[in-house]
Structures are given as C-alpha cells and as structure tokens.
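Both backbone and side-chain heavy atoms feed into the values below; hydrogens, waters and symmetry mates do not. The chains referred to below are lettered A, B, ... by the order of the sequence lines, with proteins before strands, and numbering in each begins at 1.
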There are 2 protein chains.
Amino acid sequence: MPDTSNRKAQILQTAAALFRERGYQAASMRDIATAMHIEAASLYHHIKSKEEILEIICFDMAEQFLSTIVEVNDIYFNAEEKLRMAILNHVRLITQNQERSAVFLHEWRSLPEVSLNSFLALRNQYENGFKQIVKEGIEEDIFGQVEPKFAVLSILSSVNWINEWYKPDGKMNAEEIAKNISDFVLGGLRKKLVTDLGYKP
Amino acid sequence: MPDTSNRKAQILQTAAALFRERGYQAASMRDIATAMHIEAASLYHHIKSKEEILEIICFDMAEQFLSTIVEVNDIYFNAEEKLRMAILNHVRLITQNQERSAVFLHEWRSLPEVSLNSFLALRNQYENGFKQIVKEGIEEDIFGQVEPKFAVLSILSSVNWINEWYKPDGKMNAEEIAKNISDFVLGGLRKKLVTDLGYKP
DNA sequence: CATGTTGCCTAACATTTGTTAGACAAATAT
DNA sequence: ATATTTGTCTAACAAATGTTAGGCAACATG
C-alpha cells in the first residue's frame, strides 16, 4: 500500500537510480516497474513516456543548479567567496541527490532533439555563471592570469567527478569535500613562497 | 572493394565512433554495419559478439594508458617533470583517438562482469601511477601538503574532460592543452607572490 | 584446373523493447 | 447507496535487438 500522494516522484527517483546504474537505454520500463513491485503498464498512469521521465529529471536538476549560481552572484561580492560558495552549492546538490545528478550529468545525451537543445542552453548558462566569476576574479586582481575557459572546465570536471566516487557513508561530508576541492583549485599543487595579495574592499 | 587486410580494425573504429556518439547500448550492430555499408550478419565473420568489440577497445586503451605511465616513471626523475609528462601523454592519447578513448572512459560500464573486474583493476593501476607521482612530489618537498587522492581525482577529471570538448580542428594541439592544464593544476587559481623553491638534485 | 578460404549476402530466430487497450478492485466523493 | 476517480492488472502489439545457418561469388593456392 504505497503512499499514493507522490507516486510520480517515486517513479522519478527509482528511474533515476536505474538510469544512473545502467544508463538510460539499458534501463527498461520493466526494470523500473519491477523495482517498484508493479507492472510496466502501471507506470503509464503516472507518466507519459520513458522520455518524459528523462526530461523531467534533467530539466529539474538543471534549474536547481542554475538557481544556486544566481543566488551566489546575488549575495556575495568577492570572487573567491563566490567561487567557494558556487563549488559548495554544486557539491551539495550532487551529494544530496546523486542519482538525479548522475542523470543530469551523463544521461541527457538521450534526450530527444528538441529538449536536448533547450537543455544544452541551460547548461551553458550555468557554465557561464562560473566563467563570470573567474573573469571577475581576474579583473579584481584576486586571481592570476589564467585562461577562464580552462579554469572553468577544470573546476567543473573536478567537481562533477565527485559523483563517480562519493559514497554517502564515507568519511567526508559535502562541506569538507568542497573545501578540499576549492583549496586545490585556488592553491594549485606546486609549493611556493606565498604572500597573499590582500585586496582592499 | 575495401582493404580486407584490417577489416577488423575498421569495425572496431566504426563501432568506437558509434559507441561514443550514442552509447554502447544505443548503438546497434545494424548501425555499425550500415556505417560500413555491409549487413549486420557480415560483422560476425570478423568478431565474435558485440561484447567482444567493447572488450577489445576497452582493454586495448587501458594497456596504452598504462604503458605511458610506466614509461614516465622509467625516464623522468623529478615529480613535476613526471606529472607534466604523464599529463601530456594522457592528452595525446585522448586527442589522437577520441572515439576509442571515449569508450574507455565511459562505456566500460557495459562490460560483462568478469571483464569488468579486470578492467577496473587496470584502471586502478593507472590511477595509482598518478598517485605515486603526487606522493613523490610531496616527499621531495616540491608539492605542497595536498591530499593525494583529491589531487589525482582533480587532475584526471580535468584531463578526461578534454574528451568532451576537444575538436581536432580547434586552435590548440595536444601539447598546448597539456601545458595549460599542467600550469593550472600546478599553479592554481589564486594570485600569490611567488618564488619557486629550487630543488637540489 | 581443382580446391579451399575469405567476405559478404539473405533469411530467419528468439527475446526484449516501449506502449496501448480494456477490465477490475479499492478508495473517494456526491 | 451510488457514482467517480485512482491505481493497478493481464494481454497483446509492432518494432528492434543480437545472433545463427546456409549459400554464393571472388580470390588465392595446390
């Protein structure tokens, strides 16, 4: 007797887990149904099609990611603070919903062409949010003369990779992971004689 | 009248391109055959099964990646040199064969269980090669006190991400990309007053 | 010339896929 | 009590999947 109120949400979550585990194409409607202890046909009283499931998950996550970076740009002023906060929000979203994040990160390729284009537009917006922060940091003379494109790609790839190895029962929480990555991204690997250049607000 | 000498290699290359574009599950034997202007059944005179194609590609690339890091550890002595060279080799392998690299990076999940285990063992070996270099750098006091696991994951994720955006007709070649990433990884983002600590060999 | 090999073909197969139609029971509303 | 909605079921579908069997033509080898 499953709680009938949010059956659709259950389907989305179950589907996300299976999409993540086996990939969108390899996870069948019957797999999803079996995981919920119902028949495949029953799913269609809640959702229109398999593609609709993918679309809902991808666009829902895209909006969540986007809203966090908008928030960061509204609240914080210093580029380093902004970057640390953007990374933290990203890590939080990924660790708090690994299944749906994985679909957002990898399975969007299976979106039908029309949805695919709008999805890529949203993803580009998100990347531009990061690029904007890096550019600000360079202009404010807080960051060195790096290539913004490379910096953003490196940051996002590091931060997305979390999804491949993070286990909820591991030793680190989102905050610690975010701090480690932020420190690494900001500080780099090579040992230096360092004096931070203070910035005067 | 296709050159019959290396027909199998052609199949592997065509399959790799399709596996990359659509994913292993979504790319059918008929798709591969059509791309080669033959019938699906004809493929089976050259390969045993669809899974065999995947296995050959994954393990071939795994061996290539592994051999480069062994080479690096044989030739170079300084940790920074080793790391730069390892990154360069990695970038070269990816840019020189994007299709097969993409399969190695993403489609191995579809390997049958037995192959999967040996594959993951090889991949672990490769990651450990990098981790070894980072540890050496810390011991030699060339690198700062970073968490090797994080450093390696960040480096590899950055370097693997190349496969998502690199276009052979783009402005940058493998060497330039590798230098950019190496500089970023080693130097980080934050501006500092820097004096390199010379190491005395 | 005969012989075997190579590479491809057509035809067919069992299975799995996403999806629809229609029925039945329980819960809810009137 | 009656009517309606909701969630599930069984049954079935057309299409696509990986794969096999058997045959035919071109070529190389004895």
Interatomic distance where [atom1] belongs to [X] and [atom2] belongs to [N] [whole Å]:
X       : N      : atom1 : atom2 : value
A:Lys8  : D:dT6  : NZ    : C1'   : 15 Å
A:Ile47 : D:dT8  : CD1   : C1'   : 14 Å
B:Ile38 : C:dT6  : CD1   : P     : 17 Å
B:Glu39 : D:dT19 : CD    : P     : 16 Å
B:Tyr24 : D:dT17 : OH    : P     : 13 Å
B:Ile32 : D:dA16 : CD1   : C1'   : 15 Å
B:Glu52 : D:dG18 : CD    : C1'   : 14 Å

What protein N or O atoms touch nucleotides 20-22 of chain C N or O atoms at under 3.5 angstrom, if any, and at what distances?
none

Check whether any side-chain heavy atom of [X] sits under 4.5 Å from a side-chain heavy atom of [Y], and report yes or no.
X        : Y        : value
B:Met172 : B:Ile162 : no
B:Pro148 : B:Ile138 : yes
A:Arg123 : A:Phe119 : yes

TODO: Verify whether the ring centers belonging to B:Phe184 and A:Phe150 lie closer than 6.0 Å.
DONE: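 Centroid distance B:Phe184-A:Phe150: not below 6.0 Å, so no.
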Open item on the list: Ring centroids only, cut at 6.0 angstrom: are B:Phe19 and B:Tyr24 within range, meaning strictly under it?
Closed with: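 Yes: the rings meet the under 6.0 Å criterion.
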Task: Under 3.5 Å donor-acceptor, A:Asn160 side chain and A:Leu156 backbone - done: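 Side chain of A:Asn160 to backbone of A:Leu156, a donor-acceptor pair under 3.5 Å: yes, one is there.
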TODO: Would you check if the side chain of A:Asn124 reaches a backbone N or O of A:Ala121 as a donor-acceptor pair within less than 3.5 Å?
DONE: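 Here the side-chain-to-backbone pair does not exist.
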Identify every side-chain donor-acceptor pair in residues 52-63 of chain A under 3.5 Å, counting partners at least two apart or on other chains, and give the distances.
residue	atom	partner	partner atom	Å
A:Glu52	OE1	A:Lys48	N	2.8
A:Glu55	OE2	A:Ser115	OG	2.4
A:Asp60	OD2	A:Gln64	NE2	3.3

Using only side-chain N and O atoms of [X], determine if any of them is under 4.0 Å from OP1 or OP2 of [N].
X       : N     : value
B:Arg7  : C:dT6 : no
A:His37 : D:dT8 : no
A:Ser42 : D:dC9 : yes

TODO: Determine the sole option in B:Ile69, B:Asn73, B:Ile87 for which the side-chain contact (heavy atoms from CB on, under 4.5 Å) test with B:Lys82 is passed.
DONE: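 Only one option passes, and that is B:Asn73.
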Please produce a list of atom pairs where a protein N or O lies less than 3.5 Å from an N or O of nucleotides 12-17 of chain C.
none

